Student: 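Pasting a structure below so you can have a look.
Letters go in sequence order (proteins before strands), and every chain restarts at 1. In this text, all values refer to a predicted model and were calculated from it rather than measured experimentally.
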There are 2 protein chains.
Amino acid sequence: MIVENNINLDHIDLAILRLMQDNSRISNVHMAKELEMAPSAVLERVKKLEQKQVIQQYTTRINPSAIGLKLLAFISIKASHSLGCTTTAIELAKIEEVQEVHIIAGEDCYLVKVRIADSASLMELMRNSFSKITTIVSIRTTIVLETVKEQQQLVIPENKKIS
Amino acid sequence: MIVENNINLDHIDLAILRLMQDNSRISNVHMAKELEMAPSAVLERVKKLEQKQVIQQYTTRINPSAIGLKLLAFISIKASHSLGCTTTAIELAKIEEVQEVHIIAGEDCYLVKVRIADSASLMELMRNSFSKITTIVSIRTTIVLETVKEQQQLVIPENKKIS
DNA sequence: GGTGAAACTACGCGGTA
DNA sequence: TACCGCGTAGTTTCACC
């Protein structure tokens with residue numbers, strides 16, 4: 001829960017991140033060819049990026065509707081002891097269907113992203129999980145009708161150094 | 001832009017997805033041990049999941065602030081010719097800093113997630129990109145102060161069949 | 001779905017600048 | 001500190017059962 005000391009990434013590190021972001025299963029040999037380096041040197045850099053927690057996880061993006069998760073919703077939540085108090089947020093984060101919990105500026109305190117099977121399941125989640133969090137004052141649910149774009153990938157800059 | 005025909009996933013497929021979602025670089029040999037199968041059988045299933053587009057991508061989660069992306073914002077956008085018209089959404093999706101574009105139920109038409117370096121960059125993005133989309137009527141920006149949870153991973157069900 | 005073999009890759013180490 | 005080359009162990013991938 002601390003860190004972020006002295007992270008210095010050069011353009012090679014950024015190129016590695018760009019390649020791995022697009023395909024985490026790319027081989028070191030393949031990356032080494034692109035970068036005109038030896039595979040072992042690439043591996044060393046990757047290991048360091050993992051250590052420094054620049055790389056957080058290698059994950060697989062799964063089609064949500066293929067596994068029956070057809071509903072996406074954003075929920076704005078207002079809590080009673082609002083400012084600086086993250087306990088409500090932590091309770092929300094414990095719910096496994098909750099993908100994201102953000103503390104936001106503005107009148108609502110939290111913005112939550114939920115992915116779930118259908119509207120009946122959402123109702124159930126509301127009754128069984130959200131309602132148990134006693135600090136919640138009000139809830140406003142926004143249903144997503146269609147997702148036009150959803151990428152986790154970040155725009156990795158080209159420049160040399162980031163502190 | 002079609003598909004999703006006859007996707008039938010059994011409990012082994014779901015187990016594979018669960019393992020690969022947590023670590024996309026897991027070896028077939030490792031999965032085979034967990035599932036008590038031969039590595040080649042696992043590989044076959046993985047290839048089929050890729051073909052069926054159940055697996056969409058192998059990606060690497062990168063710490064955004066490590067590459068200088070310290071600002072996250074949600075933007076609610078109202079457009080002029082609202083209902084059923086996705087052209088505005090498509091324009092929004094073209095902006096690379098825009099990670100997500102959702103068409104939502106309710107008074108605002110679109111919900112957009114943007115990740116960018118800082119508030120100055122956001123201003124710049126507004127001026128250079130959003131303002132070019134002439135169908136946009138109004139914009140409401142919500143800045144994220146702190147992210148308590150952000151996982152792409154889905155809750156993969158345990159049951160046998162999903163149509 | 002399993003087996004076996006060939007090709008490929010990861011990974012650690014010692015050496016270089 | 002970063003890169004390279006090599007050797008070994010482990011993995012992917014294929015045709016075939």
Student: Contact class for B:Ala38 vs. all strands (heavy atom < 4.0 Å): base, sugar-phosphate, or nothing?
Tutor: base
Student: Let me know the distance between CG of A:Asn28 and C1' of D:dA2, rounded to the nearest Å.
Tutor: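 Value for this atom pair: 16 Å.
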Student: To the nearest Å, how far apart are B:His30 NE2 and D:dA9 C1'?
Tutor: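 Atom-to-atom, B:His30 to D:dA9, this comes out as 16 Å.
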Student: Determine whether any donor atom in the side chain of B:Ser27 lies under 3.5 Å from an acceptor atom in the base of D:dT12, or the reverse, and answer yes or no.
Tutor: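 When only heavy-atom distances are counted, B:Ser27 does not reach the base of D:dT12 through any donor-acceptor pair under 3.5 Å.
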Student: Closest to the A:Ala41 side chain: D:dC3, C:dG2, D:dT13?
Tutor: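 Selected nucleotide (nearest to the side chain): D:dC3.
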Student: Expressed in angstrom and rounded to an integer, what is the separation of A:Leu43 atom CG from C:dC8 atom P?
Tutor: 19 Å
Student: Round to a whole Å and report the spacing from CG of B:Leu35 to C1' of C:dG2.
Tutor: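 Between C1' of C:dG2 and CG of B:Leu35: 15 Å.
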Student: Does the side chain of B:Arg45 get closer than 4.0 angstrom to OP1 or OP2 of C:dG1 through an N or O atom?
Tutor: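 Checking C:dG1 against B:Arg45, a side-chain N or O does come within under 4.0 Å of OP1 or OP2.
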Student: Tell me the closest heavy-atom pair linking A:Lys149 and B:Val98, and the distance in Å.
Tutor: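 A:Lys149 and B:Val98 have their closest heavy atoms at NZ-O, 2.9 Å.
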Student: Between B:Glu158 (side chain) and B:His11 (backbone), is there a donor-acceptor pair under 3.5 Å?
Tutor: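 The answer is no, because no donor-acceptor pair under 3.5 Å joins these two groups.
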Student: Once you round it to whole Å, what is the distance between P of C:dT9 and CZ of B:Arg25?
Tutor: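 About 12 Å, once rounded to whole Å.
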Student: Counting distance only, does the side-chain N/O of B:Gln53 pair as donor-acceptor with the main-chain N or O of A:Asn63 below 3.5 Å?
Tutor: no
Student: Can any side-chain N or O of B:Thr60 pair as donor or acceptor with the backbone N or O of A:Met20 at less than 3.5 Å?
Tutor: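 Yes, because the side chain of B:Thr60 sits within donor-acceptor range (under 3.5 Å) of the backbone of A:Met20.
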Student: Taking only the side-chain heavy atoms of A:Lys48 (C-beta and beyond), determine which of C:dA10, D:dA2, D:dC3 contains the nearest atom.
Tutor: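 Side chain of A:Lys48 sits closest to D:dA2.
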Student: In whole Å, what is the span from the CG atom of B:Asp13 to the C1' atom of C:dG1?
Tutor: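 Roughly 13 Å, once rounded to whole Å.
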Student: From the list C:dT9, D:dC4, C:dG1, which nucleotide is the closest neighbour of the side chain of A:Ser40?
Tutor: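 Closest of the options to the side chain of A:Ser40: D:dC4.
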Student: Roughly, in whole Å, what's the span from CD in A:Glu36 to C1' in D:dC3?
Tutor: 15 Å
Student: By nearest heavy atom, map A:Ile26 and A:Glu44 onto DNA chain C; which one lands nearer the 5' end?
Tutor: A:Ile26
Student: To the nearest Å, how far apart are A:Ile16 CD1 and C:dA10 P?
Tutor: 13 Å
Student: Checking contacts here: which listed nucleotide (D:dT11, C:dG2, D:dC4) is nearest the side-chain heavy atoms of B:Met37?
Tutor: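 It is C:dG2.
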Student: For a side-chain contact (heavy atoms from CB on, under 4.5 Å) with B:Glu97, tell me which candidate from B:Leu71, B:Ile116, B:Val112 qualifies.
Tutor: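 The option that passes is B:Ile116.
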